[in-house]
Amino acid sequence: MKAPEKTPPADASGLQIGKLRSSLESLGLLVDYLSKIEPFSRYDFGNFTSALRQQLSRGEHLVAFSNKRLVGYCGWLPTSTEVAKAWTTDGGPLLPKSGDEADAVVLTVIATTESVAMSALLRRARVENPKRRVYFKREYGDEDRVARKSSVENVTGK
């Protein structure tokens with residue numbers, strides 16, 4: 001897998017963090033990458049691919065490259081605090097919001113194949129979403145650990 005044509009310079013860890021163009025090539029790159037990583041390899045790729053396509057088209061994502069190789073992806077959905085709280089308690093569906101209604105963001109996909117990419121993507125995602133509480137679901141690639149949903153206060157940009 002190769003980096004998009006215009007990638008930003010590498011950070012101190014040697015990673016390049018940026019966004020992909022909204023294209024079928026970018027979508028194919030993400031689907032190929034995520035289909036090899038647990039738990040995503042078990043997902044129904046019809047709905048999942050649609051979500052990835054929307055994240056690409058709206059610019060609600062980040063990618064990490066190391067030596068021109070994709071090593072991480074982070075995608076999110078802007079929503080309201082009310083919707084996100086209901087989602088974290090399984091009390092309602094995850095619905096997108098826009099404008100002033102989008103006072104929260106849910107990290108819907110975060111996957112890395114190099115550990116250094118995880119923290120770099122999370123830091124940058126927080127910068128991309130200032131003053132929004134960040135909600136997430138942590139799902140593991142094994143059956144021994146239980147999935148959990150939680151949130152963190154995003155102080156970046158305040």
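Here the structure is a predicted model, which means the values were calculated and not measured. We're numbering straight along the sequence, starting at 1.
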**Student:** For the residue pair Ser119 and Val116, what are the closest heavy atoms and their distance?
**Tutor:**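 Residues Ser119 and Val116, closest heavy atoms: OG-O, 3.6 Å.
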**Student:** Distance check, rounded to the nearest 0.5 Å: Tyr43 atom OH versus Glu38 atom CD?
**Tutor:**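 Separation between the atoms: 10.0 Å.
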**Student:** Give me the atom names and distance for the closest heavy-atom approach of Thr113 to Tyr33.
**Tutor:**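 Smallest interatomic distance, heavy atoms only, reads N-OH, 3.1 Å.
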**Student:** To the nearest 0.5 Å, what is the distance between CG on Leu77 and NZ on Lys97?
**Tutor:**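 Leu77 atom CG to Lys97 atom NZ measures 10.5 Å (nearest 0.5 Å).
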**Student:** Can you tell if the side chain of Leu122 reaches within under 4.5 Å of the side chain of Leu107, non-hydrogen atoms only?
**Tutor:**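 They are in contact (side-chain heavy atoms under 4.5 Å apart), so the answer is yes.
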**Student:** What are the two closest heavy atoms between Asn129 and Ala125, and how far apart are they?
**Tutor:**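 Taking every non-hydrogen atom into account, ND2-O, 2.9 Å.
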**Student:** Just by modelled atom types, is the Lys36 backbone N or O under 3.5 Å from a matching donor or acceptor in the Ser41 side chain?
**Tutor:**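 Checked: no pair found.
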**Student:** Once you round to the nearest 0.5 Å, how far does CG of Leu29 lie from CG of Leu24?
**Tutor:**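 Here the interatomic distance stands at 12.5 Å.
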**Student:** So, for Ala84 and Ala104, which heavy atoms are closest and what is the spacing to 0.1 Å?
**Tutor:**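 Result for this residue pair: CB-CB, 4.4 Å.
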**Student:** For the residue pair Val106 and Leu94, what are the closest heavy atoms and their distance?
**Tutor:**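 Looking at all heavy atoms of both residues, the closest pair is CG2-CD1, 3.6 Å.
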**Student:** Closer than 3.5 angstrom, by distance alone: can the side chain of Arg132 be matched with the main-chain N or O of Ala102 as a donor-acceptor pair?
**Tutor:**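 At least one qualifying donor-acceptor pair exists.
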**Student:** Atom NE2 in His61, atom CG in Leu20: separation rounded to 0.5 Å?
**Tutor:**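 Answer rounded to 0.5 Å: 4.5 Å.
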**Student:** Flag the pair Leu30 / Val63 as yes when at least one side-chain heavy-atom distance between them is below 4.5 Å, and no otherwise.
**Tutor:**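 With C-beta onward as the side chain, the pair touches.
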**Student:** Would you mind reporting whether Val71 and Leu15 have side-chain heavy atoms less than 4.5 Å apart?
**Tutor:**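 SC-SC contact between Leu15 and Val71 confirmed.
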**Student:** Ion pair present between Lys19 and Glu128, side-chain N to carboxylate O less than 4.0 angstrom?
**Tutor:**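 Salt bridge flag = yes for Glu128 with Lys19.
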**Student:** Quick one: pull up CH2 in Trp76 and CD1 in Ile110 and give me the separation to the nearest 0.5 Å.
**Tutor:**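 It is 9.5 Å, given to the nearest 0.5 Å.
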**Student:** For atom CG of Asp44, decide whether the heavy atoms of other residues, nucleotides or ligands shown that lie under 6.0 angstrom number more than 12.
**Tutor:**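 Atom CG in Asp44 is crowded, with more than 12 foreign heavy atoms closer than 6.0 Å.
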**Student:** What heavy-atom pair brings Ala120 and Ile17 nearest, and what distance separates the two atoms?
**Tutor:**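 For Ala120 and Ile17, the tightest heavy-atom pair comes out as CB-CD1, 4.0 Å.
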**Student:** Please list every donor-acceptor pair under 3.5 Å in which a side-chain atom of residues 46-55 meets a protein atom from a residue at least two apart or in another chain.
**Tutor:**
unit_1: Thr49; atom_1: OG1; unit_2: Phe45; atom_2: O; d: 2.5
unit_1: Gln55; atom_1: OE1; unit_2: Tyr73; atom_2: OH; d: 2.6
unit_1: Gln55; atom_1: NE2; unit_2: Thr108; atom_2: OG1; d: 2.6

**Student:** Distance check, rounded to the nearest 0.5 Å: Leu56 atom CG versus Ser23 atom OG?
**Tutor:**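 Spacing of CG (Leu56) from OG (Ser23) equals 7.5 Å.
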**Student:** Could I get the full list of salt bridge (charged side-chain N to carboxylate O under 4.0 Å, His left out) partners for Glu101, not counting sequence neighbours?
**Tutor:**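 Partners of Glu101 under the salt bridge (charged side-chain N to carboxylate O under 4.0 Å, His left out) test: none.
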